[in-house]
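Lettering of chains follows the sequences in order, A, B, ..., and the numbering in each one begins at 1.
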Amino acid sequence: MVRVLGILAGILMVFVSLWSFGHGVYAFISSPPQKSVEKRFHEEPRPLALASDGLFGKYDREQLQRGFQVYKEVCSSCHSLKLVAFRNLQDLGYSEAEVKAIATNWQVEVPDVDPKTGDPKGRKALPSDHFPSPFQNEVAARAANNNALPPDLSLITKAREGGPAYVYSLITGYRPVPANLPAENRPGPTLHYNPWFANLNIAMPPPLKSDGQVSYADGTKPTIDQMAKDIAAFLAWTAEPRLENRHADGEVTLLFLLIATILAYMAYQNVWHGGASRAVRRTGVLDPENMAKRDAASAGGLDG
Amino acid sequence: MSFPWAEEYRPKHPLMRWLDERLPLPRLVHGAVGGGYPVPRNLNYFWNFGVLAGLALTIQIVTGIVLAMHYTPSGDMAFNSVEHIMRDVNQGWLLRYAHANGASFFFIVTYVHIFRGMYYGSYKAPRELVWMLGLVILLLMMATAFMGYVLPWGQMSFWGAKVITGLFSAIPLVGESVQKWLLGGYAPDEATLNRFFSLHYLLPFVIAGVVILHIWALHIPGSSNPTGVEVKTAEDTVPFHPYYTAKDGFGAGIFLILLAFVTFFLPNYLGHADNYIPANPLSTPAEIVPEWYFWPFYAILRSFTSDFLLPAKLWGVLAMFGAILLLFFLPWLDPSPVRSGSYRPTFRWFFWILVGDVLVLGYCGGSPPEEPFVMISQLATMYYFAHFLIVLPILSWVEKTEPLPRSISESVLHGEHAEAAPAHLGGISPAAAE
């Protein structure tokens with residue numbers, strides 16, 4: 001009975017899925033799907049190799065410091081970094097005093113209240129503060145940016161397909177508008193053509209305009225490409241500050257598990273086939289002596 | 001439980017004897033997973049996956065309880081509290097990555113466990129209830145995983161919650177009210193987050209309870225085995241401990257190596273980038289996709305694109321839930337007296353087609369809802385239902401099966417690769433085997 005009902009239900013489901021399939025095939029043939037303009041012009045992220053890649057990857061601290069400098073001098077005028085605190089900069093190799101100086105001299109004050117009157121009031125940042133946002137709130141941010149909202153950058157390399165390579169490609173990805181781009185996809189007056197951005201037109205103006213826009217203290221030549229790589233590396237760190245702990249712990253854990261698993265395999269083989277654990281298997285059916293006895297008995301039985 | 005030759009629990013130490021007379025907990029363990037549980041001696045590595053699923057559940061509960069100590073289920077703070085775990089809590093990144101990837105590995109081992117049951121006919125009498133309780137666990141796992149994915153309150157959390165609860169709105173008449181009731185509002189919000197957190201904490205313990213029933217029901221007839229021939233004598237079995245505890249220890253090692261590798265070195269590989277963007281009700285992601293373990297069902301949901309008597313959306317919802325619910329009837333849809341696929345040459349073909357079919361569905365479910373993926377998933381959906389509802393019932397009538405070994409020990413003696421003994425060496429026909 002279940003089977004008959006099952007077959008009937010099955011025929012119904014097959015019919016309904018074929019019904020949808022038929023409609024799909026008809027639509028596919030009568031009006032073949034067009035690849036959207038965005039898809040046709042969109043580019044995959046350009047490859048970017050960072051010191052933090054791979055199983056043994058570690059951050060290049062000099063590069064992170066350079067990237068932080070680019071953030072401080074270029075990005076931070078529009079983009080917040082809410083999840084990162086000044087104290088975290090010690091991971092980049094800055095000393096406690098340097099971090100304190102960076103916090104005190106930060107261009108934006110931290111919102112606070114006057115301890116006497118309770119009125120809103122700004123104060124100098126402390127190492128324990130998170131990076132203050134350049135705008136008071138979303139409305140202020142949009143008002144200052146032609147109604148576009150500059151995203152927070154703390155997690156940007158994890159929140160975009162391609163990660164740091166995407167950031168690197170995007171900020172070096174401003175191109176002249178291609179001649180064959182349809183009119184409705186051309187950037188408006190406040191937008192900029194960038195084929196690495198999902199809808200091709202990005203509100204952010206090119207942030208890195210010329211070589212030497214920042215001057216690196218460590219003597220690295222500040223080309224646009226170098227600055228883009230450095231900021232991508234810095235933002236990889238802001239998104240995953242525990243990467244080095246993760247890699248180091250992972251190496252130790254895998255080594256331990258590998259040894260433990262080899263021992264477990266040897267124990268398994270020993271229990272099933274070994275000689276050393278005879279005590280365990282003396283009564284077991286897989287004991288070679290017991291098996292030999294049984295084989296002899298069953299061979300005799302079959303013959304008879 | 002199970003067989004009369006099961007080794008009895010005889011405590012040697014006076015303290016254990018004292019305990020045994022008052023609270024025979026060690027006796028229970030001895031009979032459940034110790035030397036007192038005789039298990040077929042011919043189990044292959046696919047029989048490791050039940051224990052591995054139990055291990056995965058344990059990892060999820062342990063990591064989850066600690067995560068809950070640092071997590072805040074509130075619309076304003078959920079996302080940042082997860083980042084607080086990632087950045088400021090000692091080893092918090094490890095807990096969260098282990099929990100997120102542990103969920104994926106829980107599904108991997110559970111799916112292998114289910115397909116093993118399908119291939120070897122483990123769902124057949126007298127183990128129907130073992131199979132059905134297993135499906136209850138799967139449904140609970142799916143609900144738990146779905147609600148857990150909402151908690152970080154990223155873009156995919158929010159929109160996933162909206163889409164999945166939106167499925168209930170396809171129910172005629174009461175659908176809209178049901179959706180509102182589930183969410184505690186018109187859209188996912190504070191109320192949704194709080195109830196999902198509460199249920200996400202509760203359900204794993206319900207799962208643990210059903211796991212106990214699943215194992216209890218299993219221990220009545222005892223474990224199935226690759227030949228599908230029931231245990232006949234003591235020679236067919238070995239005690240669970242030390243034989244299978246040793247083998248499971250090795251299996252657990254391999255499982256942990258793979259889980260650790262992904263957790264430590266590819267922690268975001270199985271996730272979606274959009275979930276690192278805080279939930280924003282005003283901005284719809286370009287594509288809303290669930291976690292990979294839901295992709296086959298998501299593909300079934302989306303493959304109904306044309307109305308036929310009922311709205312297409314309702315067909316999709318019915319088919320998606322039906323795809324799991326029909327498995328409850330599997331023991332009766334496939335009444336072939338031969339359990340194991342090893343002796344069912346035609347079934348074997350269809351089984352592997354089904355495996356490929358589910359993989360194709362998974363691939364299409366993770367792809368954007370464009371052609372050709374929709375058409376492919378429509379055909380794959382058709383086969384999925386045809387396999388269980390048409391192919392298996394008919395197959396059990398028409399298939400000519402291969403001779404079964406007389407017993408488990410005999411199949412072992414003839415070597416693992418020639419389990420079916422030829423007729424002149426004692427192989428017997430399936431009818432006689434039952």
Visitor: With chain A as the partner, which of B:F261, B:F264, B:Y384 has the greatest number of non-hydrogen pairs under 4.5 Å?
Guide: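 Option with the greatest count: B:F264.
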Visitor: Counting C-beta onward and ignoring hydrogens, is there a side-chain heavy-atom pair between A:S154 and B:E83 closer than 4.5 Å?
Guide: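 No, too far: nothing below the 4.5 Å cut-off.
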Visitor: Considering only heavy atoms and a distance below 4.5 Å, find which of B:P278, B:G249, B:P267, B:A286 pairs most often with chain A.
Guide: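 Top count of heavy-atom pairs under 4.5 Å with chain A: B:P267.
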Visitor: Taking A:A267, A:P32, A:P241 one by one, which has the highest count of heavy-atom pairs under 4.5 Å against chain B?
Guide: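 Maximum pair count with chain B is reached by A:P241.
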Visitor: Ring-plane angle category for B:F250 and A:Y268, please: parallel below 30°, perpendicular beyond 60°, tilted otherwise.
Guide: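 Parallel: the ring planes of B:F250 and A:Y268 meet at under 30°.
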Visitor: Between B:A319, B:G92, B:P335, B:G154, which residue shows the highest count of heavy-atom pairs closer than 4.5 Å to chain A?
Guide: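 The answer is B:P335.
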Visitor: Just verifying a value: how many Å separate B:Y97 OH and A:R246 CZ, rounded to the nearest 0.5 Å?
Guide: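 Rounded to the nearest 0.5 Å, the OH-CZ separation comes out at 5.5 Å.
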Visitor: Side chain, backbone, both or neither: which part of B:L333 has an atom under 4.5 Å from a heavy atom of chain A?
Guide: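 Both backbone and side chain.
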Visitor: Using a 6.0 Å cut-off, check whether atom CZ of B:F329 has over 12 heavy atoms from anything other than its own residue.
Guide: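 No, the 6.0 Å shell around CZ holds no more than 12 heavy atoms from other groups.
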Visitor: At a 4.5 Å cut-off on heavy atoms, which part of B:S303 comes close to chain A: side chain, backbone, both, or neither?
Guide: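 Backbone only.
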Visitor: Nearest heavy-atom pair of B:Q378 and A:S17: which atoms, and what distance?
Guide: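 Residues B:Q378 and A:S17, closest heavy atoms: O-CB, 3.9 Å.
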Visitor: Tell me, for A:F256 versus chain B, whether the close heavy atoms (under 4.5 Å) come from the side chain, the backbone, both or neither.
Guide: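 For A:F256, there is no contact with chain B at all, as no heavy atom is under 4.5 Å.
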Visitor: Within the supplied structure, the quantity of interest is the number of heavy atoms (other residues, nucleotides, ligands) at a distance under 6.0 Å from B:F265 CZ; does it exceed 12?
Guide: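 Yes, CZ of B:F265 has more than 12 neighbouring heavy atoms, counting only those of other groups under 6.0 Å.
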Visitor: With a 4.5 angstrom heavy-atom cut-off, is it the side chain or the backbone of B:D334 that approaches chain A, or both, or neither?
Guide: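 B:D334 has no heavy atom closer than 4.5 Å to chain A.
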Visitor: Taking B:R87 for the side chain and A:T238 for the main chain, is one N or O donor matched with an acceptor at less than 3.5 Å?
Guide: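 Confirmed, B:R87 side chain pairs with A:T238 backbone.
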Visitor: Is chain A contacted by the side chain of B:W332, its backbone, both, or neither, given a heavy-atom distance below 4.5 Å?
Guide: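 The answer is both parts of B:W332.
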Visitor: Might you point out which heavy atoms bring B:I390 and A:G10 nearest each other, and give the distance in Å?
Guide: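 For B:I390 and A:G10, the tightest heavy-atom pair comes out as CD1-C, 3.7 Å.
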Visitor: Measure distances from A:F28 to the heavy atoms of chain B and classify the residue's part below 4.5 Å as side chain, backbone, both or neither.
Guide: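 It is the side chain, since no backbone atom gets that close.
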Visitor: Using non-hydrogen atoms and a 4.5 Å limit, figure out which bit of A:I259 sits close to chain B: side chain, backbone, both or neither.
Guide: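 When you check distances to chain B, no heavy atom of A:I259 falls under 4.5 Å.
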Visitor: Rounded at 0.5 Å granularity, tell me how far CZ in A:R242 sits from CG in B:L94.
Guide: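 Between A:R242 CZ and B:L94 CG, I get 12.5 Å after rounding to 0.5 Å.
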Visitor: With a 4.5 angstrom heavy-atom cut-off, is it the side chain or the backbone of A:D152 that approaches chain B, or both, or neither?
Guide: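 Contact with chain B is absent: no heavy atom of A:D152 under 4.5 Å.
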Visitor: What residue in B:P393, B:A252, B:G271 has the most heavy-atom pairs under 4.5 Å with chain A?
Guide: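 Of the candidates given, the most pairs with chain A belong to B:P393.
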Visitor: Is the count of non-hydrogen atoms from other residues, nucleotides or ligands lying under 6.0 Å from B:K313 atom NZ greater than 12?
Guide: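 Enclosed.
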Visitor: Which answer fits A:A260, side chain, backbone, both or neither, if we ask what part of it has an atom under 4.5 Å from a heavy atom of chain B?
Guide: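 No part of A:A260 comes within 4.5 Å of chain B.
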Visitor: Looking at every heavy atom in both B:L389 and A:A9, which two are closest together, and how far apart are they?
Guide: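 Answer, listing the atom of B:L389 first, then A:A9: CD1-C, 4.0 Å.
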Visitor: For B:A260 and A:T253, which heavy atoms make the closest approach, and how far apart are they?
Guide: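 The answer is CB-CG2, 4.3 Å.
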Visitor: For the CZ atom of B:F255 and the OG1 atom of A:T261, what is their distance to the nearest 0.5 Å?
Guide: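 Interatomic distance, B:F255 CZ to A:T261 OG1, rounded to 0.5 Å: 12.0 Å.
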Visitor: Any idea which of B:L392, B:L379, B:T381, B:L309 has the most non-hydrogen atom pairs under 4.5 angstrom with chain A?
Guide: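 Most pairs with chain A among the choices: B:L379.
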Visitor: Please determine whether a side-chain nitrogen of the Lys or Arg among A:K39 and B:E370 lies less than 4.0 Å from a carboxylate oxygen of the Asp or Glu.
Guide: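 Yes, A:K39 and B:E370 are salt-bridged.
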Visitor: Supply the atom-to-atom distance A:N88 CG to B:D88 CG, rounded to the nearest 0.5 angstrom.
Guide: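 Output value for this atom pair is 7.0 Å.
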Visitor: What closest approach, in Å, do A:W272 and B:Y243 show between heavy atoms, and which atom pair accounts for it?
Guide: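 Looking at all heavy atoms of both residues, the shortest contact is NE1-O, 2.9 Å.
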Visitor: Only pairs of heavy atoms separated by less than 4.5 Å count here; which of B:F385, B:Y276, B:Y383 has the most with chain A?
Guide: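 When all of B:F385, B:Y276, B:Y383 are compared, B:Y276 has the most.
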Visitor: Chain B heavy atoms under 4.5 Å from A:L254: which part of the residue, side chain, backbone, both or neither?
Guide: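 For A:L254, the contact with chain B is made by the side chain alone.
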Visitor: Which bit of A:I7 comes within less than 4.5 Å of chain B, counting heavy atoms only: side chain, backbone, both or neither?
Guide: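 For A:I7, heavy atoms of backbone and side chain both lie under 4.5 Å from chain B.
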Visitor: A side-chain contact here means heavy atoms from C-beta on lying under 4.5 Å apart; do B:Q91 and A:D249 qualify?
Guide: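 The answer is yes, as the side chains (C-beta and beyond) meet within the 4.5 Å cut-off.
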Visitor: Distance check, rounded to the nearest 0.5 Å: A:H23 atom NE2 versus B:F308 atom CZ?
Guide: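 The NE2 atom of A:H23 sits 10.5 Å away from the CZ atom of B:F308.
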Visitor: Non-hydrogen atoms of chain B under 4.5 Å away: do they reach the side chain of A:I11, the backbone, both or neither?
Guide: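 Both backbone and side chain.
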Visitor: What heavy-atom pair brings B:D274 and A:A159 nearest, and what distance separates the two atoms?
Guide: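 Smallest interatomic distance, heavy atoms only, reads OD1-O, 4.3 Å.
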Visitor: Which region of B:T245, side chain (C-beta onward) or backbone (N, CA, C, O), has a non-hydrogen atom less than 4.5 Å from a non-hydrogen atom of chain A, or is it both or neither?
Guide: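 Interface part for B:T245: neither.
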Visitor: Considering residues, nucleotides and ligands other than A:N137, do more than 12 of their heavy atoms fall under 6.0 Å from its CG?
Guide: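 Atom CG in A:N137 is packed in, count exceeds 12.
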Visitor: Is atom CD of A:E44 surrounded by more than 12 heavy atoms (other residues, nucleotides or ligands) closer than 6.0 Å?
Guide: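 No.
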Visitor: Quick check: does any side chain N or O of A:W19 sit under 3.5 Å from a backbone N or O of B:D307, one acting as donor and the other as acceptor?
Guide: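 Yes; at least one donor-acceptor contact below 3.5 Å.
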Visitor: Starting at CD1 of B:I277, measure out to CZ of A:R160 and round the result to the nearest 0.5 Å.
Guide: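 Atom-to-atom, B:I277:CD1 and A:R160:CZ are 4.5 Å apart.
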Visitor: Does atom OH (B:Y45) have a neighbourhood of more than 12 heavy atoms from anything else shown, all under 6.0 Å?
Guide: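 Yes, OH of B:Y45 has more than 12 neighbouring heavy atoms, counting only those of other groups under 6.0 Å.
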Visitor: Find out whether B:M86 and A:K158 are in side-chain contact, i.e. whether some heavy atom of one side chain is under 4.5 Å from a heavy atom of the other.
Guide: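 Touching, per the 4.5 Å side-chain cut-off.
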Visitor: Counting only non-hydrogen atoms closer than 4.5 Å, does B:F388 touch chain A with its backbone (N, CA, C, O), its side chain (CB onward), both, or neither?
Guide: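 Looking at B:F388, nothing touches chain A.
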Visitor: Does any heavy atom of chain A fall under 4.5 Å from the side chain of B:E7, the backbone, both, or neither of them?
Guide: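 Neither; nothing under 4.5 Å.
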Visitor: Less than 4.5 Å to any heavy atom of chain B: does that hold for the side chain of A:L258, its backbone, both, or neither?
Guide: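 The answer is both parts of A:L258.
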